[in-house]
Amino acid sequence: MEDLELKRLLQQAKTVAVLGAHKDPFRPAHYVPRYLREQGYRVLPVNPRFQGEELFGEEAVASLLDLKEPVDILDVFRPPSALMDHLPEVLALRPGLVWLQLGIRHPEFEKALKEAGIPVVADRCLMVEHKRLFRGPLPL
């Protein structure tokens with residue numbers, strides 16, 4: 001995806017669901033969503049291990065099917081081997097963008113989303129890309 005399109009999608013987004021959100025502040029599944037919340041996004045944590053607990057100012061839910069509102073971005077912190085199990089939930093949710101974090105790729109999953117008209121970014125860190133697109137180059 002080109003930077004201009006990516007920047008447009010990130011600017012328009014208000015709500016980010018985080019599949020695989022975590023409580024451990026040293027894990028990317030915690031500090032990336034925390035960063036997103038600090039940038040003004042509403043972050044909806046999804047992880048059955050933390051269901052009912054508060055993360056990022058919201059109550060964690062067990063499944064994407066438990067979300068009761070539209071989601072602009074679905075940020076995924078799940079291993080590639082688990083992605084196809086989540087495909088029906090993702091298709092039902094119909095997020096505006098699915099973001100597979102750094103190290104996560106699954107060609108069949110990505111193809112299914114694209115065929116459903118859902119854009120996908122794979123194997124990139126949302127926090128790193130957000131900083132790059134919105135903070136600009138660092139001064140020398």
Qualifying side chain to side chain donor-acceptor pair (under 3.5 Å) pairs with a residue from residues 92-106, counting only residues at least two apart or across chains: Arg105-Glu110
Side chain proximity check, Val61 to Leu67, heavy atoms < 4.5 angstrom: yes
Steps toward side chain to side chain contact (heavy atoms under 4.5 Å, CB included) verdict (Arg132, Asp3): CA-CA 10 Å; Arg132 180 179 69 80; Asp3 281 356; 2.8 Å; yes
Cluster check Ile104, Val120: I/L/V/M/F/W/Y, side chain < 4.5 angstrom: yes
Ion pair check, Glu5 and Arg8, cut-off under 4.0 Å: yes
All pairs passing side chain to side chain donor-acceptor pair (under 3.5 Å) where residues 115-127 contributes a residue, at least two apart: Arg124-Glu129
Glu2 CD: over 12 foreign heavy atoms closer than 6.0 Å: no
Minimum side-chain heavy-atom gap Met127-Pro28 below 4.5 Å: no
Euclidean distance, Cys125 SG relative to Asp75 CG, rounded to 0.5 Å: 8.0 Å
Between CG on residue Leu83 and CG on residue Leu19, distance to nearest 0.5 Å: 8.0 Å
Straight-line distance of Gln51 CD to Glu59 CD, nearest 0.5 Å: 8.0 Å
Note, Phe77 side chain near Val32 side chain (heavy atom, < 4.5 Å): yes
Derivation and outcome, side chain to side chain contact (heavy atoms under 4.5 Å, CB included), residues Val46 and Leu74: CA-CA 10 Å; Val46 180; Leu74 173 60; 5.9 Å; no
Test log, rule side chain to side chain contact (heavy atoms under 4.5 Å, CB included), inputs Leu100 and Phe109: CA-CA 10 Å; Leu100 303 178; Phe109 180 80; 3.9 Å; yes
Polar side-chain atom of Asp72 near backbone of Val16 as donor-acceptor pair, under 3.5 Å: no
Separation of Leu126 CG from Leu36 CG (nearest 0.5 Å): 4.5 Å
Heavy-atom pair with the smallest gap, counting every atom of Ala21 and Pro45: CB-CB, 3.7 Å
Residue pair Phe26 / Tyr31: nearest heavy atoms and the distance that separates them: O-CE2, 3.6 Å
Heavy-atom closest pair, residues Ala116 and Leu91: CB-CD2, 3.6 Å
Contact check, side chains of His86 and Val76, non-hydrogen atoms, under 4.5 Å: no
Taking every non-hydrogen atom, the tightest pair across Arg78 and Gly20: CD-CA, 4.2 Å
Heavy-atom closest pair, residues Glu58 and Val43: CG-O, 3.1 Å
Cluster link Leu133 to Val128, ILVMFWY, side chain under 4.5 Å: no
Test item: Pro95 and Ile118 side chains (from C-beta on) under 4.5 Å apart, heavy atoms: yes
Lys14/Glu69 salt bridge by N-O under 4.0 Å criterion: no
Any Leu10 side-chain heavy atom under 4.5 Å of Ile73 side chain: yes
Partner set under ring pair (Phe, Tyr, Trp, His ring centres under 6.0 Å) for His130, not counting sequence neighbours: Tyr35, Tyr41, Phe134
Hydrophobic cluster identity match, Val18 and Val98, side-chain contacts under 4.5 Å: no
Residue pair Phe56, His30: steps toward the side chain to side chain contact (heavy atoms under 4.5 Å, CB included) verdict: CA-CA 9 Å; Phe56 322 113; His30 181 87; 3.7 Å; yes
Closest non-hydrogen atom pair, Ala62 against Pro48: O-CD, 3.4 Å
